[in-house]
Amino acid sequence: MIILVMGVSGAGKTTISQLLAESLNWEFSDADTFHSPANLEKMRRGIPLDDADRMPWLQDLQTAIQQWLKEDKNVVLACSSLKASYRQFLLFDNRIQLVYLKGTFEILQKRLQERQNHFMTAKLLQSQFDALEEPVNAICVEISEPPEVIVKNLRAALGI
């Protein structure tokens, strides 16, 4: 099974995904590691990625997910997946469960301003909200709770 944890930057995708994977004794993967150096540099400079920038990244993610499923691996994947078309590209199998970490602009902006040494800057947050198409087929979790509570609630919602 693959659990894809999505949301805008600062929602806690990496933190929640790592904690969830650890609690389940599953593998963890961060979709950011699939970005090209050019994409990372654009984001560092505060330039939002467009669909053309994201397509090779999505293809690499899809290939990884296909391989994990083929090998019957259990993986928690932290991935922004902001647009429905991106999710459609990645959620191609019924063994993939989508989790949406939802938060207000104000909470997320505060988190990003406090973040150190990360390529995603607070000035890109508005572009992420502009691109966000909230999912209808996901387990939706408010990010205001502590991470440990979120993971506990997620495991209950997932039934694992």
Side-chain angles (χ1 to χ4, degrees), residues 1-24 26-35 39 43 48-69 73-112 115 118-120 122 124-160:
M1 177 180 200
I2 310 296
I3 300 172
L4 191 154
V5 179
M6 67 154 293
V8 299
S9 188
K13 293 180 301 293
T14 301
T15 299
I16 298 303
S17 296
Q18 286 176 325
L19 288 171
L20 181 60
E22 186 178 297
S23 76
L24 295 168
W26 288 15
E27 289 185 34
F28 162 75
S29 185
D30 192 327
D32 287 343
T33 64
F34 290 78
H35 274 299
N39 280 3
M43 290 185 282
L49 300 180
D50 60 25
D51 288 346
D53 295 322
R54 287 191 179 98
M55 189 46 65
W57 172 71
L58 288 166
Q59 290 169 333
D60 289 346
L61 284 169
Q62 185 185 66
T63 299
I65 292 169
Q66 288 169 335
Q67 188 63 36
W68 296 331
L69 291 171
K73 288 187 175 181
N74 293 315
V75 179
V76 180
L77 173 63
C79 179
S80 53
S81 302
L82 299 178
K83 291 186 177 183
S85 61
Y86 303 163
R87 293 188 298 274
Q88 186 175 21
F89 196 78
L90 298 175
L91 302 172
F92 55 86
D93 190 287
N94 63 2
R95 295 172 290 170
I96 306 169
Q97 174 64 57
L98 183 64
V99 171
Y100 172 39
L101 300 180
K102 183 176 181 171
T104 66
F105 185 88
E106 293 73 27
I107 289 173
L108 293 159
Q109 186 174 43
K110 184 175 188 293
R111 285 183 179 185
L112 288 176
R115 190 186 266 180
H118 194 275
F119 65 86
M120 183 60 85
L124 285 177
L125 183 60
Q126 187 59 56
S127 71
Q128 292 230 317
F129 268 90
D130 292 345
L132 177 64
E133 297 169 1
E134 290 191 331
V136 294
N137 60 336
I139 295 171
C140 184
V141 179
E142 288 290 332
I143 63 166
S144 55
E145 296 285 346
E148 295 76 16
V149 173
I150 292 173
V151 168
K152 181 182 173 203
N153 293 341
L154 267 177
R155 287 193 61 169
L158 291 163
I160 51 177

- Task: Could you check Asn74 against Leu24 for side chain to side chain contact (heavy atoms under 4.5 Å, CB included), going step by step and ending with a plain yes or no?
- Result: CA-CA 9 Å; Asn74 293 315; Leu24 295 168; over 6 Å; no

- Item | Approximate separation, where rounding is to 0.5 Å, of Ser85 OG and Asp51 CG | 6.0 Å

- Query: In Å, rounded to the nearest 0.5 Å, how long is the span from CG of Asp32 to OG of Ser80?
  - Reply: 7.0 Å

- Query: Less than 4.5 Å apart, any side-chain heavy atom of Val141 and any of Ile139?
  - Reply: yes

- Selection residues 128-141 - residue pairs positive for salt bridge (charged side-chain N to carboxylate O under 4.0 Å, His left out), sequence neighbours left out: Lys102-Glu134

- For the student: nearest non-hydrogen atoms of Leu19 and Pro147, plus distance: CD1-CB, 3.5 Å

- Task: Could you tell me which non-hydrogen atom of Leu90 sits nearest to which non-hydrogen atom of Ser81, and how far apart they are?
- Result: CD1-OG, 3.9 Å

Side-chain donor-acceptor pairs of residues 55-65 under 3.5 Å, sequence neighbours excluded:
residue: Trp57; atom: NE1; partner: Ala31; partner atom: O; Å: 2.8
residue: Gln62; atom: NE2; partner: Phe89; partner atom: O; Å: 2.9
residue: Thr63; atom: OG1; partner: Gln59; partner atom: O; Å: 3.0

- Which atom names give the shortest non-hydrogen contact between Ser17 and Phe28, and what distance separates them? CB-CE1, 3.4 Å

- Message: If the condition is side chain to side chain donor-acceptor pair (under 3.5 Å), which residues does Asp53 pass it with, not counting sequence neighbours?
- Response: Lys42

- Taking it one step at a time, do Trp26 and Ile2 satisfy side chain to side chain contact (heavy atoms under 4.5 Å, CB included)? CA-CA 10 Å; Trp26 288 15; Ile2 310 296; over 6 Å; no

- When every non-hydrogen atom of Val151 is compared with those of Ser23, the smallest separation belongs to CG1-OG, 3.8 Å

- Is there side-chain contact between Leu101 and Ile16, with heavy atoms separated by less than 4.5 Å? yes

- Tell me, please, which residues at least two apart from Ser144 pass side chain to side chain donor-acceptor pair (under 3.5 Å). none

- Message: Give me each pair satisfying salt bridge (charged side-chain N to carboxylate O under 4.0 Å, His left out) with a member in residues 149-160, each pair once, sequence neighbours excluded.
- Response: none

- Task: Quick one: list whatever passes side chain to side chain donor-acceptor pair (under 3.5 Å) with Asp93, sequence neighbours left out.
- Result: Arg95

- CE-CD1 distance between Met1 and Ile96, expressed to the nearest 0.5 angstrom: 9.5 Å

- Message: I want to check something: taking the side chain as every heavy atom from C-beta on, are Val8 and Phe105 in contact at a cut-off of under 4.5 Å?
- Response: no

- Item | Step-by-step side chain to side chain contact (heavy atoms under 4.5 Å, CB included) determination, Ile150 to Leu20 | CA-CA 9 Å; Ile150 292 173; Leu20 181 60; over 6 Å; no

- Task: Determine whether Tyr86 and Met6 make a side-chain contact, defined as any pair of heavy atoms from C-beta on separated by less than 4.5 Å.
- Result: no

- N/O donor-acceptor pair under 3.5 Å between Gln128 side chain and Ser9 backbone: yes

- Query: Roughly how far apart are Glu148 CD and Asn153 CG, rounded to 0.5 Å?
  - Reply: 11.5 Å

- Closest non-hydrogen atoms of Pro135 and Leu98, given as atom of the first, atom of the second and distance, are CB-CD2, 3.7 Å

- Message: As a quick check of understanding, evaluate side chain to side chain contact (heavy atoms under 4.5 Å, CB included) for Trp68 and Leu77, giving each step before the final call.
- Response: CA-CA 11 Å; Trp68 296 331; Leu77 173 63; 4.2 Å; yes

- What are the two closest non-hydrogen atoms of Leu132 and Tyr100, and how far apart are they? CD2-OH, 3.4 Å

- Carboxylate-amine/guanidinium proximity below 4.0 Å for Lys13 and Asp30: no

- Message: Within the 4.5 Å heavy-atom criterion, are Lys73 and Gln67 side-chain neighbours or not?
- Response: no

- With a 4.5 Å heavy-atom cut-off, do Ile143 and Thr104 have their side chains touching? no

- For residues Val75 and Ile3, determine if any side-chain heavy atom of one lies less than 4.5 Å from a side-chain heavy atom of the other. no

